[in-house]
Chemist: 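Can you keep this structure in mind? I'll have questions shortly.
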Amino acid sequence: MLASMWQPGTWSDITALLGHQGESASLDFKASFGSNNELAKDIAAMTVAGGVLLVGVDEDSDGFASALTPVDLTGQEERVRQIANSLITPPPAFDIAAIREQPGTTQGVIAVIVPPSPFAPHQTNGRYPTRDGTTTRNLTDAEVALLHRRRAEATSPPTAGEMIRLVDALPGLVFERRTSVYAGYGQLSVAVTPAMPDFEHPARVNLGQPLKDALGRAGARTTPRLASPIRPRFWDAIADWRIDGTAGWVAGYAGASIEQLSRAPSHAAAVLYPAQMVMQVTFPTSVIDDHGHVAYTCAFEHRVAIELIAMLALAGEFFAATDTAGLVNCALQLAGFEGTVAHHATHAESRVDATHLPTASHGLTDGYQVAALSLRDEPEALAQQFLERWLIGFYEGAPLLGRLIG
């Protein structure tokens, strides 16, 4: 959902609009669906900045919700999607919610939730509509040209390697760890940036509270789905955000020495203005035998997965809480894992003979572009995409994320 506008929910939320909520740039009332061309125009107009169409709500002369005019809900989602796919170019992404007064009723209100589209402008009937206050108009030639340039930039994301260089902004990171990691330590770095090149967080430079709020929501939303008894340490370690000069905001500490890392992992995060997020966790991989020697090194892949999910969940909450994030570019780098064996095979028991077990590669650098809302709602889906290529060479047994996610 888009955070700064009305969000579809229950029937009581709909009735609460009457006499109190007026139309806006991001909220449009429709007593009925009207013609196919009109519906296509309304959806296409919302793709520029995002918004919600409520079909089944009438308005008065001042644009305020005045009456409910329930519509038939049967087959409407398929119909709306067919109209959008056939009459809008390129077809936009959107969600549909059917809101009923009572479960099982066939009449109600349809909410069409349209996020800002990285592929805007979207054309319908030979024109490019946009929402302008409480009305819809056609984009000017100059606006169309600007949006086409934004589309080209958004659909040509930076490489994962380019994004991971943002780790330079992590608090306390020493020079030798900007491009490598100490022997005997595993490191996962994540960078998330908005696909829209001109994106700026609505809070502008006042990001401290939005980051704290995103952290709280990430824990509340994601923790119930984690079947593992392991709670991510990342969330707690970066709870206190602080201003880093004119660059942005930072949390945690990445500049741990080998001696410090042997006692406790390091966790750090940074958000650079206008809104580039980078996060990192570094932890020891050595399994020590009864004589104090390194028996072997372990990938602790379950821990990698759980911390990665925590990082992605935070980024998803932070970016999805804005109206204009849309798509985000996500990059992961795993480093320092060469020669490690799977925890699944050894359970980090020091007496296990690990010499015959398959070992991990040094790591990987990979990137994907996803919707901010998807990253918020299912961070584990992207975590699985990232980790599959890494795990396949040395990990055997039940799917890792299948055990971590209930």
Chemist: With side-chain contact (heavy atoms from CB on, under 4.5 Å) as the test, would you mind laying out the steps for F94 and S117 before giving the verdict?
Modeler: CA-CA 9 Å; F94 56 88; S117 172; over 6 Å; no
Chemist: Does any part of the side chain of R137, heavy atoms only, come nearer than 4.5 Å to the side chain of T130, both counted from C-beta?
Modeler: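 Result yes, sub-4.5 Å side-chain heavy-atom pair found.
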Chemist: Using side-chain contact (heavy atoms from CB on, under 4.5 Å) as the criterion, list what pairs up with N138, not counting sequence neighbours.
Modeler: R127, P129
Chemist: Quick check: are there more than 12 heavy atoms from other residues, nucleotides or ligands sitting under 6.0 Å from CG of D240?
Modeler: no
Chemist: Do other residues, nucleotides or ligands put more than 12 heavy atoms under 6.0 Å from the CZ atom of R242?
Modeler: yes
Chemist: Just wondering, do V167 and Q333 contact through their side chains at under 4.5 Å, heavy atoms?
Modeler: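 Result no, sub-4.5 Å side-chain heavy-atom pair not found.
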Chemist: Side-chain contact, heavy-atom cut-off 4.5 Å: E338 with T297?
Modeler: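 Result no, sub-4.5 Å side-chain heavy-atom pair not found.
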Chemist: Is there a side-chain contact between E301 and L391 (heavy atoms, below 4.5 Å)?
Modeler: yes
Chemist: Got a second to check how far E378's CD is from I309's CD1, nearest 0.5 Å?
Modeler: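 Output value for this atom pair is 11.5 Å.
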Chemist: One pair to check against side-chain contact (heavy atoms from CB on, under 4.5 Å): V109 and V71. What are the steps and the verdict?
Modeler: CA-CA 6 Å; V109 171; V71 297; over 6 Å; no
Chemist: Can E259 and R263 be counted as an ion pair, charged N to O under 4.0 angstrom?
Modeler: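 Here E259 does not pair with R263 in a salt bridge, since their nearest N and O are not under 4.0 Å apart.
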Chemist: Would you say that more than 12 heavy atoms from the other residues, nucleotides or ligands in this model lie under 6.0 Å from the CZ of R233, or not?
Modeler: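 12 or below, so no.
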Chemist: Carefully, step by step, assess C298 and T340 under the rule side-chain contact (heavy atoms from CB on, under 4.5 Å).
Modeler: CA-CA 5 Å; C298 179; T340 58; 5.7 Å; no
Chemist: Do D353 side-chain atoms and T355 backbone N/O form a donor-acceptor pair below 3.5 Å?
Modeler: yes
Chemist: If the test is side-chain contact (heavy atoms from CB on, under 4.5 Å), which one of L53, L39, D42 qualifies with F33?
Modeler: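 Testing F33 for a side-chain contact (heavy atoms from CB on, under 4.5 Å) against L53, L39, D42 leaves exactly one candidate, L39.
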Chemist: Below 4.5 Å, heavy atoms only, C-beta onward: do L382 and Y368 meet side chain to side chain?
Modeler: yes
Chemist: Any side-chain to backbone donor/acceptor pair from R376 onto E317? Under 3.5 Å, distance only.
Modeler: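 A pair under 3.5 Å: no.
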Chemist: If you look at every heavy atom in Y273 and V205, which pair is closest and at what distance?
Modeler: OH-O, 3.4 Å
Chemist: Is the H201 ring parallel, tilted or perpendicular to the F318 ring (thresholds 30°, 60°)?
Modeler: parallel
Chemist: Do other residues, nucleotides or ligands put more than 12 heavy atoms under 6.0 Å from the CD atom of E143?
Modeler: yes
Chemist: Is T159 reaching over with its side chain to a backbone N or O of E162, donor-acceptor style, under 3.5 angstrom?
Modeler: yes
Chemist: Should the pair Y395 and H344 be assigned to parallel (<30°), tilted (30 to 60°) or perpendicular (>60°) ring geometry?
Modeler: tilted
Chemist: Within the structure provided, determine whether T89 and T124 are in side-chain contact (heavy-atom separation under 4.5 Å).
Modeler: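 With C-beta onward as the side chain, the pair stays apart.
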Chemist: As an exercise, state the distance from CG of L87 to CG of N125, rounded to the nearest 0.5 Å.
Modeler: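 Result: 8.5 Å between the selected atoms.
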Chemist: Are any of the side-chain heavy atoms of V250 and I238 separated by less than 4.5 Å?
Modeler: no
Chemist: How about NE2 on H347, more than 12 heavy atoms from neighbouring residues, nucleotides or ligands closer than 6.0 Å, or not?
Modeler: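 Above 12, so yes.
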Chemist: Aromatic rings H302 and F300: how do their planes relate, parallel, tilted or perpendicular, breaks at 30° and 60°?
Modeler: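 Ring orientation, 0 to 90° scale: tilted.
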Chemist: L188 and V304: which non-hydrogen atoms are nearest, and at how many Å?
Modeler: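 Shortest heavy-atom separation between L188 and V304 comes out as CD1-O, 3.8 Å.
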Chemist: How about W390 and F394: are their ring centres within less than 6.0 Å of each other?
Modeler: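 Aromatic pair counts; centres sit under 6.0 Å.
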Chemist: Which atom names give the shortest non-hydrogen contact between G22 and L27, and what distance separates them?
Modeler: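 Nearest pair, atom of G22 first, then L27: O-CD2, 4.0 Å.
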Chemist: Given H267 and Q280, is the side-chain contact (heavy atoms from CB on, under 4.5 Å) satisfied, shown in steps?
Modeler: CA-CA 6 Å; H267 306 78; Q280 189 178 84; over 6 Å; no
Chemist: Between CD1 of I96 and CD1 of I43, what distance do you get to the nearest 0.5 Å?
Modeler: 7.0 Å
Chemist: Check each of T285, L334, T282 against V181 using the side-chain contact (heavy atoms from CB on, under 4.5 Å) test, and report the only one that passes.
Modeler: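 Between V181 and the candidates, side-chain contact (heavy atoms from CB on, under 4.5 Å) is satisfied uniquely by T282.
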Chemist: Looking at R389 and D366, is there a salt bridge between them, counting it only when a charged N and a carboxylate O are closer than 4.0 Å?
Modeler: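 Salt bridge present between D366 and R389.
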Chemist: Looking at T136 and A45, what are the two nearest heavy atoms and their distance?
Modeler: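 Closest pair (atom of T136, atom of A45, distance): CG2-CB, 3.7 Å.
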Chemist: When rounded to the nearest 0.5 angstrom, what distance separates CE in M277 from CZ in F319?
Modeler: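 If we round to the nearest 0.5 Å, M277:CE and F319:CZ are 5.5 Å apart.
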Chemist: So, E23 and K30, do they make that salt bridge, N to O below 4.0 Å?
Modeler: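 A salt bridge is absent here (no side-chain N lies under 4.0 Å from a carboxylate O).
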Chemist: Could you pull out the closest heavy-atom pair between P284 and L261, with the gap in Å?
Modeler: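 So the two residues come closest at CD-O, 3.6 Å.
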Chemist: N85 versus I83: any side-chain heavy-atom pair under 4.5 Å?
Modeler: no
Chemist: Provide the closest heavy-atom pair for P121 versus L147 in the form atom of the first, atom of the second, distance.
Modeler: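 Shortest heavy-atom separation between P121 and L147 comes out as CD-CB, 3.3 Å.
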Chemist: How many angstroms lie between CG in L387 and CG in L332, if you round to the nearest 0.5 Å?
Modeler: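 That separation rounds to 6.5 Å.
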Chemist: Side chain of D244, backbone of A247: donor and acceptor closer than 3.5 Å?
Modeler: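 No; zero donor-acceptor contacts below 3.5 Å.
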Chemist: Quick one, F29 with F64, criterion ring-ring contact (aromatic ring centres under 6.0 Å, His included). Give me CA distance, side-chain angles, the key distance, then yes/no.
Modeler: CA-CA 9 Å; F29 300 134; F64 277 76; 8.7 Å; no
Chemist: Roughly how far, to the nearest 0.5 Å, is CG of L375 from CD of E380?
Modeler: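 Going from CD on E380 over to CG on L375, the span is 10.0 Å.
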